[in-house]
Amino acid sequence: MSDTGYGDFEFERKFLVRALPDAVLSEPDPVLIVQSYFLAAEGYALRIRLQAPAPRVPVPAAVDESALLDELADAFTFCALTAKGPYVGGTRYEAERELDVSVGLAMVRLGGAKVVKYRHSVWLGTDGWVLDAFLGHNAPLIVAECERGGPVTDLAIPEFCVTELTGDPRFTNDALASAPFEAWAGEFERELARTGPRFLEEFGRNELGTSF
């Protein structure tokens, strides 16, 4: 539970990134995450997440999920079951329960639509950011997220953020599990070229192109 008075809600803003910036690459090794979605419909999701330290040998973008689960079976250090609700204005209901890793691994092996990614974490200014570099059918997508204990307002947006993805249902992990980025990346790039980048203005003042 959050100690901010908001309970089981997450507040975040999301952005497209073209390449991992130096500020992220200089941080400690990322973690490798495998997520399996047993329900993903109308903004609701039921997910199991497995997490392991980044392997010494980088996982290739064209990863075989079943082989990866076997390879990392003894390396996973965290597992959780999470229920999520639809996004509303950069806010989403999220309730999480930690699971025994062996139980979660067995369940992920049995089913669900999967997402695999490296997660990098870094402090930029006064905010914590995570950058997810997706593998498999969602490569080479990279998404940056700033999450706070309350609404993410008056944000200093790093220069590596190309356009805002907050509120775009295509870029939720549960949507990417069933409709991977590779299937519509070309369409999205044409859309971005036609409309140009966007940064939402309903969250207060944006400081665009901030260098850290």
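In this chain, numbering begins with 1 at the start of the sequence shown. Quick note: numbers below take in every heavy atom, side chains included, and nothing from hydrogens, waters or symmetry partners. This structure is a prediction, so every number in the text was calculated from the model and none was measured.
Checking side-chain atoms of W184 against main-chain N and O of A179 turns up a donor-acceptor pair under 3.5 Å. A side-chain donor-acceptor contact under 3.5 Å links Y118 to the backbone of V59. Here the side chain of N138 pairs a donor or acceptor atom with the backbone of F181 at under 3.5 angstrom. Distance alone, capped at 3.5 Å, places no donor-acceptor pair between the E145 side chain and the K14 backbone.
No continuous path of ILVMFWY side-chain contacts below 4.5 Å connects I33 to F76, so the two sit in separate hydrophobic clusters. L39 and Y87 fall into different hydrophobic clusters, where Ile, Leu, Val, Met, Phe, Trp and Tyr are joined by side-chain heavy atoms under 4.5 Å apart, directly or via other members. Linking ILVMFWY side-chain heavy atoms closer than 4.5 Å, directly or via other members, places V24 and V31 in two distinct hydrophobic clusters. A continuous path of ILVMFWY side-chain contacts below 4.5 Å connects L25 to V17, so both sit in one hydrophobic cluster. I157 and V162 fall into different hydrophobic clusters, where Ile, Leu, Val, Met, Phe, Trp and Tyr are joined by side-chain heavy atoms under 4.5 Å apart, directly or via other members.
V115 and N173 make their closest contact through CG2-O, 3.6 Å (heavy atoms, listed as atom of the first residue, atom of the second, distance). Between A144 and L131, the closest heavy-atom pair is CB-CG, 3.9 Å. Taking each heavy atom of G112 and S36 in turn, the nearest pair found is CA-OG, 3.2 Å. Here the shortest heavy-atom pairing between A54 and P30 reads CB-O, 3.0 Å. In plain terms, the two heavy atoms of P21 and F160 that are nearest each other are CG-CD2, 3.4 Å. For the residue pair F11 and G150, the shortest heavy atom distance occurs at CB-O, 3.1 Å.
Checking N206 against E201 by side-chain atom types alone, no donor-acceptor pair falls below 3.5 Å. Checked by atom type, the side-chain pair T166/R13 shows no donor-acceptor distance below 3.5 Å. A donor-acceptor contact closer than 3.5 angstrom links the side chains of S102 and D100.
Taking CG from L155 and CZ from R205, the interatomic distance works out to 10.0 Å, rounded to the nearest 0.5 Å. Atom CD of E182 and atom CG of L176 lie 11.5 Å apart (nearest 0.5 Å). Atom-to-atom distance recorded for E164:CD and R198:CZ is 6.5 Å, nearest 0.5 angstrom. Taking OG1 of T163 as the reference point, atom CZ of R18 lies at 9.5 Å (rounded to 0.5 Å). To the nearest 0.5 angstrom, E71 atom CD is 10.0 Å from L69 atom CG. Taking CZ of R170 as the reference point, atom CG of L141 lies at 11.0 Å (rounded to 0.5 Å).
With contacts defined as side-chain heavy-atom distances shorter than 4.5 Å, the pair I142/L20 qualifies. E12 is not listed as a side-chain neighbour of R92, based on a closest heavy-atom distance of 4.5 Å or more. Within the 4.5 Å cutoff, side-chain heavy atoms of L32 are placed close to those of V116. With a 4.5 Å cut-off on side-chain heavy atoms, Y37 and S178 do not count as touching. Between F38 and I48, the closest side-chain pair of non-hydrogen atoms falls below 4.5 Å. For the pair R47 and E96, the minimum side-chain heavy-atom distance is below 4.5 Å. Between D174 and Y44 there is no side-chain heavy-atom pair separated by less than 4.5 Å. Between F199 and F15, the closest side-chain pair of non-hydrogen atoms falls below 4.5 Å.
Remark: D127 engages R148 in a salt bridge, criterion side-chain N to carboxylate O under 4.0 Å. No salt bridge links K114 with E65; every basic N to acidic carboxylate O contact stays at or beyond 4.0 Å.
With sequence neighbours excluded, no residue forms a side-chain hydrogen bond (donor to acceptor under 3.5 Å, both in side chains) with D29. A search for salt bridge (charged side-chain N to carboxylate O under 4.0 Å, His left out) contacts involving R109 returns D70, not counting sequence neighbours.
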Does the side-chain contact (heavy atoms from CB on, under 4.5 Å) test come out yes or no for K117 and R119, once each step is laid out? CA-CA 6 Å; K117 61 187 180 181; R119 168 159 287 185; 3.5 Å; yes

Residues R190, L192; criterion side-chain contact (heavy atoms from CB on, under 4.5 Å); working and verdict: CA-CA 5 Å; R190 290 188 292 272; L192 182 59; over 6 Å; no

Carefully, step by step, assess V143 and F134 under the rule side-chain contact (heavy atoms from CB on, under 4.5 Å). CA-CA 8 Å; V143 174; F134 290 84; 4.0 Å; yes

Show your working on side-chain contact (heavy atoms from CB on, under 4.5 Å) between H120 and V130 and close with a plain yes or no. CA-CA 5 Å; H120 304 257; V130 296; over 6 Å; no

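Ring pair F188/F171 is perpendicular by interplanar angle, where above 60° counts as perpendicular and below 30° as parallel.
A 6.0 Å sphere centred on CZ of F78 holds more than 12 heavy atoms belonging to other residues, nucleotides or ligands. Sparse packing is recorded around CD of E42, with 12 or fewer heavy atoms of other residues, nucleotides or ligands lying under 6.0 Å away. Atom CG of D154 sits in a crowded spot, with more than 12 heavy atoms from other residues, nucleotides or ligands closer than 6.0 Å.
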